[in-house]
Number of protein chains: 2
Amino acid sequence: MRSVTIRNVADMAGVSVATASRVLSGHPSTSEVARDAVSKAATKLGFRPNAQARSLRKTSTQTIGLVLPDVRNPFFADLAHAVEQRARDFKYLTLFGNANEDADQQDRYFDIMLTQRVDGLIAAPQGNVTDLQSVLDSGVPTVFVDRVIPDTTVPSVTPDNVTGVREAVRHLTNSGHRRIGYIAGPQSTSTGRERLAAFQSALADTHADDDADLIFFGDFQSASGAAGAHHLLELPHPPTALLAADSLMSIGAVGVCNERGLTIGTDLAFVAYDDIEAFSLINPALTVIAHDVNAMGRLAVDLLTQVIAGESPESVILPSRLIVRGSTPSLSGGLTS
Amino acid sequence: MRSVTIRNVADMAGVSVATASRVLSGHPSTSEVARDAVSKAATKLGFRPNAQARSLRKTSTQTIGLVLPDVRNPFFADLAHAVEQRARDFKYLTLFGNANEDADQQDRYFDIMLTQRVDGLIAAPQGNVTDLQSVLDSGVPTVFVDRVIPDTTVPSVTPDNVTGVREAVRHLTNSGHRRIGYIAGPQSTSTGRERLAAFQSALADTHADDDADLIFFGDFQSASGAAGAHHLLELPHPPTALLAADSLMSIGAVGVCNERGLTIGTDLAFVAYDDIEAFSLINPALTVIAHDVNAMGRLAVDLLTQVIAGESPESVILPSRLIVRGSTPSLSGGLTS
DNA sequence: CGATTCCATGGAAACGATTCCATCGAAGAT
DNA sequence: ATCTTCGATGGAATCGTTTCCATGGAATCG
């Protein structure tokens, strides 16, 4: 394992280490002669600077940490992709961790990333302020994405968790549904709480049944979506429509409907969360509550670079909307449940 | 921004920097008194070692690089999750990059990660040996996953790209299909090449049509799956069955079938690649060619730790198999195409 | 008693890149 | 001719942690 250092480059170029460093860093105070010699030497030796050494001196690492609940969730996979690509635009490398919807694991990731001296942190957090205390105390530039933790001043990029849900409830009730089953996300997450509150609030504005039995508390994993659908469809007076609070639970719930021989859009209306690509597998097409996940990822990085630069950017709320497709026809149009 | 260094800890504990370092590193040659004092001081000061400084001295970073084609592909999302979780078992943090199925971007990621002095590299590579030259020359411990580059000695964990495809072709021809459309992956990838070769070889063993028009060359993105299905279904003599070479192209292809009003399993038989969770959205259930992606991710990390430890592990080929479900009924059972 | 071994400690060097600051030479202004 | 400014350079210090190696004290052995 050969190790080419800047000293080797400087020697070959016949300049000092300081001059070699200046040339390689693009500093203006270097002569054309020096630039030429150093560039040639670096290329010939296959020189690759040691980022650890540079980081130690510069006190920045050109890395950002990204802690998401679970990259297997298509929504977060899309988000991870958007963040990572946008970070690269700013010459940042992305350090990545899956919290697996677990506050303890999330905390361990924060700790490791702080030790790595990431320049900034983007997280879709879960839990409360105490779970985030070490990060907040560290003063490391941080941005929340998708979810927030109350009682912090961390800038965030979140979806409007209200409008889309309200529109979905209105659409379903306007379509004749009086019993709407809701598969809720975990109440330890802001998205879980806000979407449930929006559902309940929207329901109160209609004549639909306000029945606590029609709400199942899931954990944003597909298995809980399956369990939720199973539970709700087994009620003495089952719902004629289902609304699930995220894409993975939507997948799980639809899977159960398939197993039970229920045809989406014919036997049961279904509204899914997030407009992920895989939903195109379904016929009829799914009605979804959607927001621009790519914009979310990009904006999160943009905000973070501002925080890193010492600014105090405003949080951003991205619009969400209901996209009506074939999975939610009018009740008089054909539901047999 | 306060900065607590090991010097502060040593001062507060009344020992030298060397002793403080030994205590914090768990070195045995420390007294109980010193251990107590240093631990207390570190906790009180909220000391967090600087990983860059440590890495500079130790010449290892406790990070591994993971370069995948596209985390939006559910297969690679699952793989990323498995790798990242397994890496954590070995106390490694995962640096992550999406090559977006582009050799140039892949190369840029390799370069950045080498500069970051990752302890090892896991990649699902594309291109050929010259595209990987800088990585191979660097001597950084490397493992290929899912795909390989010919003419390298890099250990790998790959799926058996033959058995599942052969079984699928046999199953389809045994079910009465004589025209089988194949949506191939890019021939710049080992998986793309091997699955196509297996398809053609299996076809040669049957009486099914060996028609070059029945093969569409895609790029492992869903849009090319959609284009492939569209193209194949528009043939003068269209296929009665489709086989797509990865999950994203499968999604795209099924979406086109939906748009065209073709019912999977009734109007057209369909075999998808990889048994991703989202496929449970479909009714009837999809027949898939599957292998254990979690095992793949874990094994890749296991191999990498062996390479890092100076060993020369054998490459591993994971079995793949056909899981027959409702999307491929017998032709006499109901296809109308 | 002297020599050897073991345990624990501390000061300094090492890791590799960046940057501070002193210095020099050349050019321009007075 | 002298002073000032600018561009370029180089040696040394810096960054924060680890580890080398010398040292001292205590215990053990011959």
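Throughout, protein chains are lettered first and strands after them, A, B, ... in sequence-line order, and every chain is numbered starting at 1.
- Among the protein residues, A/Ala34 comes within range of the sugar-phosphate backbone only, with heavy atoms under 4.0 Å from sugar or phosphate atoms but none that close to a base.
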side-chain contact (heavy atoms from CB on, under 4.5 Å) assessment of B/Arg72 paired with B/Asn100
CA-CA 9 Å; B/Arg72 290 170 299 186; B/Asn100 293 331; 4.0 Å; yes
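- Each of B/Ser31 and B/Arg57 was matched to the nucleotide of DNA chain C holding its nearest heavy atom; the match closer to the 5' end belongs to B/Ser31.
- Of the possible donor and acceptor atoms, one in the side chain of B/Asp131 sits under 3.5 Å from a partner among the backbone N and O of B/Asn128.
- Residues B/Val148 and B/Val154 form no side-chain contact, since every pair of their non-hydrogen atoms from C-beta on lies 4.5 Å or further apart.
- For A/Lys40 and A/Asp36, the salt-bridge test passes: some basic side-chain N is under 4.0 Å from an acidic carboxylate O.
- Chain B approaches DNA chain D over the interval D/dG16 to D/dC20, counting the first and last nucleotide 5' to 3' with an atom under 4.0 Å from its heavy atoms.
- At least one donor-acceptor pair under 3.5 Å links the side chain of B/Thr5 to the backbone N or O of B/Arg7.
- For DNA chain C, the neighbouring residues in residues 5-25 of chain B, judged by any heavy atom under 4.0 Å, are B/Val15, B/Ser16, B/Ala18, B/Thr19, B/Arg22.
- Following rounding to the nearest Å, A/Lys58 (NZ) and C/dC20 (P) show an atom-to-atom distance of 12 Å.
- Bending across the helix from C/dC1-D/dG30 to C/dT30-D/dA1, expressed as the angle between its end axes from five pairs apiece, amounts to 50° (10° rounding).
- Side-chain atoms of B/Ser315 come within 3.5 Å of backbone atoms of B/Ser156 as a donor-acceptor pair (strictly under, hydrogens ignored).
- You'll find the side chain of B/Phe220 stays beyond 4.5 Å of the side chain of B/Asp70, heavy atoms only.
- Under the 3.5 Å distance criterion, the side-chain polar atoms of A/Thr115 are matched with a main-chain donor or acceptor of A/Asp111.
- As judged by a 4.0 angstrom heavy-atom cut-off over every strand, A/Thr30 is placed among residues touching the sugar-phosphate backbone only.
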Derivation of the side-chain hydrogen bond (donor to acceptor under 3.5 Å, both in side chains) call for A/Thr61 and A/Arg117:
CA-CA 7 Å; A/Thr61 58; A/Arg117 299 298 196 269; over 6 Å; no
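- Remark: P of C/dC15 and CG of B/Asn50 are 18 Å apart, rounded to the nearest angstrom.
- When atom types are taken as modelled, the side chain of A/Asn50 and the backbone of A/Gln52 share a donor-acceptor pair closer than 3.5 angstrom.
- Within the model, atoms OG1 of B/Thr305 and CZ of B/Arg86 stand 7.5 Å from one another, a figure rounded to the nearest 0.5 Å.
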